[in-house]
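Working notes for the structure below.
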Number of protein chains: 4
Amino acid sequence: MSASSTASAVDASEAAPARGAGRPRSAEADAAILAAAIEEFAEHGYEGLRVGAIAERAGVAKSTLYRRYPNKTDLLQAALWQARSTDPPVPHTDSLEQDLFVVVRRLRDTFASDDIGRLIPTILEAGSRHPEFASAHREYITERRRGGLERVAAAITDGDLPDDTDVQLFMDMAVGAIFYRSFVSGAALDDDTLHELVRQTLRAHRR
Amino acid sequence: MSASSTASAVDASEAAPARGAGRPRSAEADAAILAAAIEEFAEHGYEGLRVGAIAERAGVAKSTLYRRYPNKTDLLQAALWQARSTDPPVPHTDSLEQDLFVVVRRLRDTFASDDIGRLIPTILEAGSRHPEFASAHREYITERRRGGLERVAAAITDGDLPDDTDVQLFMDMAVGAIFYRSFVSGAALDDDTLHELVRQTLRAHRR
Amino acid sequence: MSASSTASAVDASEAAPARGAGRPRSAEADAAILAAAIEEFAEHGYEGLRVGAIAERAGVAKSTLYRRYPNKTDLLQAALWQARSTDPPVPHTDSLEQDLFVVVRRLRDTFASDDIGRLIPTILEAGSRHPEFASAHREYITERRRGGLERVAAAITDGDLPDDTDVQLFMDMAVGAIFYRSFVSGAALDDDTLHELVRQTLRAHRR
Amino acid sequence: MSASSTASAVDASEAAPARGAGRPRSAEADAAILAAAIEEFAEHGYEGLRVGAIAERAGVAKSTLYRRYPNKTDLLQAALWQARSTDPPVPHTDSLEQDLFVVVRRLRDTFASDDIGRLIPTILEAGSRHPEFASAHREYITERRRGGLERVAAAITDGDLPDDTDVQLFMDMAVGAIFYRSFVSGAALDDDTLHELVRQTLRAHRR
DNA sequence: TAGTAACCGAGACGGTACGTCTAGTCTTGTC
DNA sequence: GACAAGACTAGACGTACCGTCTCGGTTACTA
């Protein structure tokens, strides 16, 4: 998958029409393809994914599919990207600990989901192999971290954390642990563990 | 791939000869195949891995390869298992902080190295797609963590950490942050940062 | 392709306009399409003929092309028909032998020419696969033979050849030999050979 | 089709085994493929020829087929070449005219046959486009002409034709006429016509 | 020392998905 | 209406690669 094609696929769903000459691409086909890709992926997994099956399920010719995505990987990537849900705002209650718990629980659930969860290592690997790819990846990660980051920054303003708190490292310790257990060690990540994680992260930075 | 076949493949390299009649298997071929598999895996990733390429690189016929491993996945698994390296012992000085710094620095350097470092996201990705992969991978990780884990456990015995310290979580917060910055965010990981990381991890668990 | 559609396509270039409402068809497009078709056909043969390439070469949209001809075969047929050239008249001097020599030399030169000469085997091949092609092709051939045929017929009237001469066979022996050497055996066809050919053809039919 | 691949295909059926390492190609597959190709060609013509259909009919994987022939055209060429029948010897009776009649009738029948007849224009066209191809073609033609040529040469020895007869031109006039009528004009070629053709060719060269 | 069982290299084989390509049709907006 | 542009359906093509198989030939143990 090339970064450019991904970018265009991503833009397509959001950018202005910018219609040129000729018959416009069928929006129905767009949607049907992505939906079919998600469904086939869910049913057969990555290894069992067949381009022909996606096209058939979408009720579309294979060439219609290849006009949009240069290959199977790109297609799947776009489908999963489009299927991502936008994060709800991070709560800001009186309890910093409780708010951070919401953040990490949400992260755990995302990582544990079938679609995004399976996608992340793939993106990581692509990024490690094609540096230009890593940026798209980082963009996504940065986005998902923002809510938590802002809550921590607010905690400093509120006086809940010292002024010189390293906000990034604060988050990296919490997120890193979840990431690590989700994708590397596979160790348990139940709510109690998450609570403990938040507590310790806070204790590490408070004085 | 079945667990049993994996086990036998793994054992094969270490079990007793149990020689029967006929020409024995070439030990050179054994080694060449595993080495070639690792190299091809590192170069092309799981998706780009070609059995034919491994055979060719090993200077061996494809059938020689399939006589040893029932399929591509098993072969790769065996290769990765065999390629695991043994860590030097973790120091145990008077300074827990200093000893842990050695552990995390070693980890950072490993992740930053050309060979292992580049392999890890690939292994991760392969593991996410092929669950049977993940277990081999986890075993490897567990092994590499043991040194650090033991040092933390000793710290409890020494009275440097409370008795009820969650050793696993302790390590996951430190290792997770390094992992995250190495492979995900790409943020800085200089020695100062590592020191700070160790300090905060300790502070989080001490009372 | 049906015979009727061919006929209409052929007629189209010569029939009265019969203008209805709306924008009239572009005469420039008409010409450009046929010219482009001939050129593409000469360059790539029937098998290598791409409708898209013809349209592009003609500077015309594919739909403009399909508005005129129902399919590739019909288009090519119309193009070849339109591209037929008219021969100069066959001389009628006192010397039948000399006149026939002019005919066969002209034929040889045509076959040896870059444009027509290279086109003929291609047309032949297309005709062998697409019978509807063969007829158009035969009409063309018949046309080009007429001059020579008439000269031979005149020779009978003049008393230079017997009344019962098989005019067609007479021509076929001469033309066939030239055709054969030009496109099949590649044997020499210098003026001496042509003279000898004419002489023998005449001797064969005179008594 | 490349000349080399054709040559190898042709040689394969006649050359020595020359077995190298590895599993030898299945002779059954060889035969089944060629047979299936001929049958599919006969049933659906060139345009309707599907590689997949040939493979299926031959009970062979498509890859087995492509291992032998680089493309559809080459395969068909080989199939038709292999299906060619060897000419029986040209008779040498007291009647030169009668013997030559056998030759030309045989030629006419060959040209009129479905397989060879349809093949010749294709070969011609390929030869005109790829000069290196023309040689294979000429070889075939030369072979088929030899019988007739030898009979004419014998006629000179026998005193049936003058010593200075141009044997090649003699044949070209007869063969050319048949060629021309078979592939170009499509004019009748019944036995009477052939008799007349032979008679005139003889008259042309006798004194 | 001869057999013989299992190995080895080489490469063909069945099967199957991929991504490409083309013909002919359809759908836009523009002239 | 014609036209340019280009998307669309349908389906064949030729490639790639896996895991299996079939050869000729080799290598060590065993009778």
Side-chain angles (χ1 to χ4, degrees), chain A residues 19-26 28-30 47-53 55-56 59-73 75, chain B residues 19-26 28-29 48-53 55-56 58-73 75, chain C residues 19-26 28-29 48-53 55-56 59-73 75, chain D residues 19-26 28-30 47-53 55 59-73 75:
Chain A
R19 280 278 305 287
R23 174 175 176 178
R25 293 207 178 155
S26 160
E28 288 161 32
D30 285 342
E47 213 69 1
L49 205 58
R50 309 286 167 234
V51 174
E56 196 175 352
V60 140
K62 212 165 40 133
S63 52
T64 297
L65 198 149
Y66 275 107
R67 195 173 299 110
R68 288 162 167 74
Y69 310 97
N71 54 52
K72 187 166 71 161
T73 311
L75 162 57
Chain B
R19 287 275 304 281
R23 174 176 176 177
R25 291 201 181 158
S26 159
E28 288 163 30
L49 200 59
R50 308 287 168 233
V51 173
E56 195 175 353
V60 139
K62 214 162 42 128
S63 53
T64 298
L65 197 148
Y66 274 106
R67 198 172 296 112
R68 288 161 167 76
Y69 310 97
N71 53 51
K72 186 165 76 159
T73 312
L75 160 58
Chain C
R19 284 277 303 283
R23 176 174 172 178
R25 291 199 181 164
S26 158
E28 288 163 31
L49 201 60
R50 308 289 168 232
V51 174
E56 195 175 351
V60 140
K62 214 159 47 125
S63 54
T64 298
L65 197 149
Y66 274 105
R67 198 171 297 112
R68 288 161 167 73
Y69 309 97
N71 54 52
K72 187 164 77 158
T73 312
L75 160 59
Chain D
R19 279 278 305 286
R23 176 174 176 177
R25 294 207 178 156
S26 160
E28 287 161 32
D30 285 341
E47 213 70 3
L49 205 58
R50 308 286 167 234
V51 174
V60 139
K62 212 166 42 134
S63 52
T64 297
L65 198 148
Y66 275 107
R67 196 172 300 111
R68 288 161 167 74
Y69 310 97
N71 53 53
K72 188 165 69 160
T73 311
L75 161 58

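Proteins get letters first, then strands, A, B, ... in listed order; numbering begins at 1 in each.
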Smallest separation among heavy atoms of A:L65 and A:V60, with atom names: N-CG1, 4.3 Å

Using a 4.0 Å heavy-atom cut-off across all strands, classify A:T64 as base, sugar-phosphate, or nothing. base

When the distance from CG of B:L65 to C1' of F:dG19 is rounded to whole Å, what number comes out? 11 Å

Starting from P on E:dT20, measure out to CG on A:N71 and report it in whole angstrom. 8 Å

Minimum-distance nucleotide to A:R25 side chain [options: F:dA2, F:dC8, F:dT9]: F:dC8

What's the spacing between A:R50 CZ and A:E47 CD if we round to 0.5 Å? 8.0 Å

Hey, what do you get for OH (D:Y66) to NZ (D:K72), rounding to the nearest 0.5 Å? 8.0 Å

Contact nearer the 5' end of DNA chain E, comparing B:V60 with D:R67: B:V60

F:dT20 C1' sits how many Å from B:K72 NZ, rounded? 16 Å

Do you know the tightest heavy-atom contact between C:A61 and C:A55? C-CB, 4.2 Å

Given atom CD of B:E56 and atom P of F:dA16, what is their separation to the nearest angstrom? 14 Å

Looking at every strand, decide which applies to A:L49 at a 4.0 Å heavy-atom threshold: base, sugar-phosphate, or nothing. sugar-phosphate

Which part of the nucleic acid does D:S63 contact within heavy-atom distance under 4.0 Å: base, sugar-phosphate only, or nothing? base

What about C:K62, does its side chain sit under 3.5 Å from the base of E:dG24 through a donor-acceptor pair? yes

note: D:Y66, atom OH; F:dG14, atom P; distance rounded to Å ~ 3 Å

Using a 4.0 Å heavy-atom cut-off, does B:G48 contact any base of the nucleic acid, only the sugar-phosphate backbone, or nothing at all? nothing

Quick one: B:R23 CZ to F:dT27 P, roughly how many Å, whole number? 6 Å

Just to be sure I understand the rule, does B:R50 reach a base, reach only the sugar-phosphate, or reach nothing, if contact means heavy atoms closer than 4.0 Å? sugar-phosphate

Rounded to whole Å, the CG-C1' distance (C:L75 to E:dA23) equals 13 Å

A:R68 side chain N/O closer than 4.0 Å to the phosphate oxygens (OP1, OP2) of F:dC8? yes

Presence of salt bridge, A:R68 and A:D30, under 4.0 angstrom: yes

Could you tell me the separation between the CD atom of A:E28 and the P atom of F:dA7, rounded to a whole number of Å? 16 Å

